[in-house]
Amino acid sequence: QVQLVESGGGLVQAGGSLRLSCAASGRTFSRNAMAWFRQAPGKERELVAAIDWSGADTRYADSLKGRFTISRDNTKNTLYLQINTLKPEDTAVYYCAASLTSWLTDEYHYWGQGTQVTVSS
């Protein structure tokens with residue numbers, strides 16, 4: 001069974017940092033593009049960042065550039081999201097996703113259950 005399991009979320013004060021992890025099991029995603037999405041209460045899910053299979057190519061939501069860094073360790077089958085200078089508006093459930101392709105894409109086939117990030121002011 002293919003699973004993506006996010007961890008690292010929690011309650012943090014504004015200005016703090018978090019590193020989210022997404023561990024894959026059931027198959028390797030070392031040749032697949034992956035991404036982080038988030039969904040805040042009452043809002044649509046939005047792309048935060050995406051990364052190709054090698055880690056050489058990344059994409060970020062324009063409004064989030066500079067504070068978010070996506071990375072991956074294919075030897076551990078794990079995806080990461082470093083978030084710095086957290087703001088209350090970053091409060092959301094963060095999901096990782098894996099595509100069926102190696103390159104950056106808008107389509108993702110596998111999804112995790114999400115990890116809650118809450119930023120207090």
Side-chain angles (χ1 to χ4, degrees):
Q1 181 182 1
V2 176
Q3 281 191 312
L4 297 174
V5 180
E6 302 94 337
S7 62
L11 174 63
V12 63
Q13 287 190 332
S17 299
L18 281 176
R19 188 174 84 152
L20 307 183
S21 299
C22 172
S25 62
R27 60 160 285 178
T28 179
F29 288 101
S30 62
R31 293 293 182 179
N32 299 79
M34 300 186 73
W36 287 97
F37 289 78
R38 70 181 186 182
Q39 186 166 20
K43 295 187 177 181
E44 293 186 353
R45 185 173 62 193
E46 64 174 345
L47 174 71
V48 174
I51 190 167
D52 75 347
W53 73 275
S54 70
D57 196 11
T58 58
R59 177 195 297 165
Y60 295 90
D62 287 342
S63 61
L64 303 179
K65 288 180 181 178
R67 296 192 298 117
F68 291 71
T69 303
I70 189 171
S71 62
R72 64 191 299 162
D73 185 339
N74 286 340
T75 65
K76 297 180 179 179
N77 217 18
T78 301
L79 179 72
Y80 302 100
L81 183 69
Q82 177 71 37
I83 315 173
N84 297 326
T85 318
L86 278 154
K87 303 177 180 180
E89 52 262 43
D90 294 323
T91 295
V93 178
Y94 285 72
Y95 300 91
C96 74
S99 76
L100 296 177
T101 68
S102 296
W103 315 111
L104 295 181
T105 176
D106 293 328
E107 297 183 2
Y108 293 87
H109 187 76
Y110 300 98
W111 292 86
Q113 293 299 307
T115 185
Q116 176 71 47
V117 172
T118 303
V119 184
S120 63
S121 57

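For this chain, numbers begin at 1 and follow the sequence in order. For the numbers below, each heavy atom of this structure counts, side chains included, while hydrogens, waters and symmetry mates do not. This is a predicted model, so every value here is computed, not measured.
Ser121 and Ala14 make their closest contact through CA-CB, 4.3 Å (heavy atoms, listed as atom of the first residue, atom of the second, distance). Scanning all heavy atoms of the two residues, the minimum distance from Met34 to Leu79 falls at CB-CD2, 3.9 Å.
Val48 and Leu104 fall into different hydrophobic clusters, defined by Ile, Leu, Val, Met, Phe, Trp and Tyr side-chain heavy atoms under 4.5 Å apart, directly or through other members. Taking hydrophobic clusters as Ile, Leu, Val, Met, Phe, Trp and Tyr residues chained together by side-chain heavy-atom distances below 4.5 Å, Leu11 does not share a cluster with Leu81.
At a cut-off of 3.5 Å, with distance as the only test, a side-chain donor of Arg27 or Asn32 sits close to an acceptor on the other residue.
The main-chain N or O of Gln39 is never found under 3.5 Å from a side-chain atom of Glu44 such that the two would form a donor-acceptor pair. Using a distance-only test at 3.5 Å, with no hydrogens or angles considered, a donor-acceptor pair links the side chain of Ser99 to the main chain of Ala33. Remark: side-chain polar atoms of Asp52 are paired, donor with acceptor, to backbone N or O of Asp57 under 3.5 angstrom. Although no hydrogens or angles enter the test, the distance criterion places no donor-acceptor pair under 3.5 Å between the side chain of Arg45 and the main chain of Tyr95. In terms of modelled atom types and a separation under 3.5 Å, the side chain of Gln82 and the main chain of Ile70 share no donor-acceptor contact.
The side-chain contact (heavy atoms from CB on, under 4.5 Å) check on Thr75 picks up Asp73, with sequence neighbours excluded. With sequence neighbours left out, Tyr110 forms a ring-ring contact (aromatic ring centres under 6.0 Å, His included) with Phe29. Taking the ring-ring contact (aromatic ring centres under 6.0 Å, His included) definition, one finds that Phe37 meets it with Tyr108, Trp111, sequence neighbours left out. Annotation: salt bridge (charged side-chain N to carboxylate O under 4.0 Å, His left out) contacts of Lys76 (sequence neighbours excluded): none. Under the side chain to side chain donor-acceptor pair (under 3.5 Å) criterion, Arg38 pairs with Glu46, Asp90, Tyr94, sequence neighbours left out. Legend: residues meeting side chain to side chain donor-acceptor pair (under 3.5 Å) with Thr69, ordered by chain and number and at least two apart, are absent. Gln3 pairs by the side chain to side chain donor-acceptor pair (under 3.5 Å) definition with nothing, not counting sequence neighbours. Contacts of Ser63 classified as side chain to side chain donor-acceptor pair (under 3.5 Å), with partners at least two apart in sequence or in another chain: none. Under the side-chain contact (heavy atoms from CB on, under 4.5 Å) criterion, Gln116 pairs with Thr91, Val93, Thr118, sequence neighbours left out.
Each ring-ring contact (aromatic ring centres under 6.0 Å, His included) pair with one or both residues in residues 54-91, not counting sequence neighbours, would appear here, but there are none. Pairs passing the disulfide (SG to SG under 2.5 Å) check and including a residue from residues 30-81, sequence neighbours excluded, do not occur.
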For residues 15-23, please give each side-chain donor-acceptor pair under 3.5 Å, one per line with the distance, not counting sequence neighbours.
{"residue": "Ser17", "atom": "OG", "partner": "Asn84", "partner atom": "OD1", "Å": "3.1"}

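Salt bridge present: Arg59 and Asp106 bring a charged side-chain N and a carboxylate O closer than 4.0 Å.
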